[in-house]
Amino acid sequence: MAAEPVIIDKETHTFRQYEDGDHITTNFEKQIFVEDTSYKCPVYIQRTPPCQGSCPSGHEIRGWLQIVRGIEKPGDDLERDAYAFYRNTVANPYPSIMGRVCPAPCQDGCNRNEVDDYVGINSVEQYIGDSALEAGLKFENLPDLGEKKVAIIGGGPGGMGAAYHLRRRGYGSTVFDMQPDLGGMMRYGIPSYRVPRDKLNGENQRIVDMGGIEVKLNTKIGVDISVEQLEKDYDAIIWAIGCQKGRGLPAANADAPNVITAVEYLDAFNKGKLQTLGGKVVCVGGGDTSIDVVTVSRRLGMVEDLAADQRPEKVTSGELQAQDEALGAQRKNVGVTLTAVFPRDEMMATEQEVLEALHEGVEIQNEVMPVEVIKNDAGMAIGLKMAKCTVDDRGIPSPIEGTGFEIEADLIVSAIGQITDLEGIDGYANERGLMDADPLFRHPDHEGHFVVGDIIRPHLLTTAIGQASKAAEGIDQYLQGVEISKRPKVDVHQFSLAAKLEETNLTPSGYEGGDAFATDTTDIAVHNFRDRSKYEIINANELFLGHFKRSEVSKRERTGPDEAHVLGDAHPLMKGLEEEQAVEEADRCMSCGMCFECDNCVIFCPQDAVSRVKKDISTTGRYVATDYTRCIGCHICSDVCPTGYIDMAMGQ
Ligand SMILES: Cc1cc2nc3c(=O)[nH]c(=O)nc-3n(C[C@H](O)[C@H](O)[C@H](O)COP(=O)(O)OP(=O)(O)OC[C@H]3O[C@@H](n4cnc5c(N)ncnc54)[C@H](O)[C@@H]3O)c2cc1C
Ligand code: SF4
Ligand code: SF4
């Protein structure tokens, strides 16, 4: 029978056995040890923690946190941080970038939220990434390259993720990108104060250094090279082209030249073509991209009476190659307004980003929508007619009658979403201008074509990379001429007991991975082990939360400028954790669904049926052994196991 869920009040739970004033004690020995037996013995069950289940890259988070905190140890040839890096990058080769700008859905899913606050997974990831770059770590022990080769269209996170995951499987590739450098939106969308370029360059280069990955930049597929040519030259094709255009402003008169999109604005800024602005900026948005627009604008500032031929829209339209560099010296603060249809607490941007924008002097107006662009006689936008609005269930705003007002603007930036650039390749798109992909990331109409990332549906960096990993697995099977396997229910990178035993030279004879059951004739199992990680995510209710002392999450120092110092600022926004802080943060992980060697079961077993495995044969997941001839099924070990690793399930 399923256990009743335990409702935990985070503010008051203390897990005390008695209320104040209680004086009659219960005979626990009688109640639990003798009368309350499960008639079943323990089975040790690996499950997926919810952090991993919530990470679109399917990171094996629990594993690399246990390494950083020192519980799971490397072999003799690796340092702790290098071991954590190699485990971390099984899923995603960009820890330094993810650690900075991934909005960390893993942390929303973390079970530790039920005790005090999430584990700062994202900050430990940044620590792993930065320390690996500092140490100059490379991807090593790669399989030999086979003869088959894949064409990857797009060198953003999806395309580079695919090149990386294919190389790990022994396939070479050519990455084609129409931009002058690799990185996609990591370089031409997100500004350098959020994604420092030395980190991006380092992580890109490390992938290229794997060998067998050719890069062809300034090459637009569909224009410079046809898809038919790629089909002739390569054994498979991956589409990772993202959405390279911004959605225009849905308001009357939005055709003025100084009404531009966020994508073109940020592209020009990130290429160093913009030095300054000519006056007040209004950005319509509310998500990550709009925050980048307004914070970039505050950094760019304005020059009074900016010459018409130096205006920013001349650059974004391509009429002017770049603004005059000398303008940078003349700029002063510019007024920047962000408008959003949602209330402040429902904006798509994270709370942290919103607070930072406010700190930098951005004005935010919520629950308002643009109605019409106000133009002057020359056809230039000089403001926006706005109205207060309501938003329906589909997210579509409607103006509230009689609430109209105007905002002055010298530049209006639409940051309400992206669309695709399908020049020469529109035959591969669906009716929404995106590309279809089946659950195995195959293009449904073109054999040998696979699709990943924003071109399926704009989302996150980590999503594009997670899809690239799955597509690479499918391509591997496709190129071997076998049927591509269905994806598992819980589709993330998992800890593999078999791989761990192999790594530590401890594989018992006859063990090929998966479940392992103790018998009197084999040494395969030290206890009965089941791997349920592909089917089950472990809930906080299944943990013994009383084991964990409350502690505060270590927040990274945000070094962003205030409104008085934002002009021209280019410093990275976030300072990473120091080593000691990273270890401390990793130490807050409750290791949901996997033994973390706390000894509770050994200490509390009244039958001495559970013992520590001898050091020279002990490893992750095999730290304790159970003598089933002594076990009476009292379930104390299961009750006191903080990680939910033990079920009274033998025979089930
Ligand atoms: C301004 C902005 C800020 C963002 N901030 C965040 C954030 O903080 N955190 C987060 O997780 N996500 C963020 N995102 C979303 C994230 O950047 C995307 O989800 C991610 O980059 C998608 O990866 P991708 O590889 O599919 O596409 P992209 O990153 O767009 O890469 C596609 C690449 O394909 C190339 N390409 C396109 N067409 C062709 C062609 N025909 N031939 C050759 N090359 C081609 C492009 O030049 C580009 O380099 C942001 C997006 C934007 C626009
Ligand atoms: S990539 Fe994002 S969701 Fe995944 S572990 Fe890192 S921060 Fe969490
Ligand atoms: S406590 Fe650790 S294993 Fe559990 S969900 Fe949080 S980060 Fe993951």
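Both counts, for ligands and for their atoms, begin at 1 and track the order of listing. This chain uses plain numbering: 1 for the first residue, then up along the sequence. For clarity, every value in this text was computed on a predicted model and none was experimentally measured.
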For [atom], what's the nearest protein heavy-atom neighbour? Residue, atom name and distance, please.
atom: atom 1 (S) of ligand 2; result: T462 OG1, 3.4 Å
atom: atom 4 (Fe) of ligand 2; result: C55 SG, 2.3 Å
atom: atom 17 (O) of ligand 1; result: M185 CB, 3.2 Å
atom: atom 8 (Fe) of ligand 2; result: C106 SG, 2.2 Å
atom: atom 7 (C) of ligand 1; result: V101 O, 3.5 Å
atom: atom 6 (Fe) of ligand 2; result: E125 OE1, 2.2 Å
atom: atom 2 (Fe) of ligand 2; result: C102 SG, 2.3 Å
atom: atom 7 (S) of ligand 2; result: N122 ND2, 3.1 Å

[X]/[Y] aromatic ring centres below 6.0 Å:
X: Y193; Y: H571; value: no
X: F85; Y: F139; value: yes
X: F441; Y: F450; value: no

Compute whether any side-chain donor of one residue and acceptor of the other, for Y428 and D445, lie under 3.5 angstrom apart.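 Per modelled atom types, Y428 and D445 side chains form no pair under 3.5 Å.
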Residue part near ligand 1, for [X], under 4.0 Å between non-hydrogen atoms:
X: A262; value: neither
X: I153; value: side chain
X: A464; value: side chain
X: Q418; value: side chain
X: L460; value: both
X: D421; value: neither
X: H459; value: backbone

Looking at [X], which atoms of ligand 3 are within less than 4.0 Å of one of its heavy atoms?
X: N111; value: 5 (S), 6 (Fe)
X: C110; value: 1 (S), 5 (S), 6 (Fe), 7 (S)
X: L65; value: 7 (S)

So for ligand 1, is M178 a polar contact partner (N or O within less than 3.5 Å, distance only)?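 There is such a contact, yes.
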| Is any N or O atom of V452, backbone or side chain, closer than 3.5 Å to an N or O atom of ligand 1? |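 The answer is no, given that V452 and ligand 1 share no N or O pair closer than 3.5 Å.
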Contact flag C589/atom 4 (Fe) of ligand 3, N/O/S atoms, threshold under 2.8 Å |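 No, since none of the N, O or S atoms of C589 sits under 2.8 Å from atom 4 (Fe) of ligand 3.
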So, C51 and atom 8 (Fe) of ligand 3: N/O/S under 2.8 Å, yes or no?
->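 For C51, the answer is yes, given that an N, O or S atom comes within less than 2.8 Å of atom 8 (Fe) of ligand 3.
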Measuring from atom 3 (S) of ligand 3, which candidate in G593, S54, G644, C592 has the nearest non-hydrogen atom?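 Answer by nearest heavy atom: C592.
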| said: Could you tell me, atom by atom, which parts of ligand 2 come under 4.0 Å of a heavy atom of I61? | reply: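 Every atom of ligand 2 under 4.0 Å from some heavy atom of I61: 5 (S).
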Practice problem: Would you mind listing which atoms of ligand 1 come within a distance below 4.0 Å of any non-hydrogen atom of T289? | Solution: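 Near T289, the atoms of ligand 1 are 1 (C), 2 (C), 3 (C), 52 (C), 53 (C).
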Give the atom numbers and elements of ligand 1 that come within less than 4.0 Å of a heavy atom of I190.
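This gives 3 (C), 4 (C), 5 (N), 6 (C), 7 (C) as the contact atoms.
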Notebook entry, point to check: So, does P458 sit close enough to ligand 1 that a heavy atom of it is under 4.0 Å from the ligand?
Noted result: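 Outside the 4.0 Å threshold, so no.
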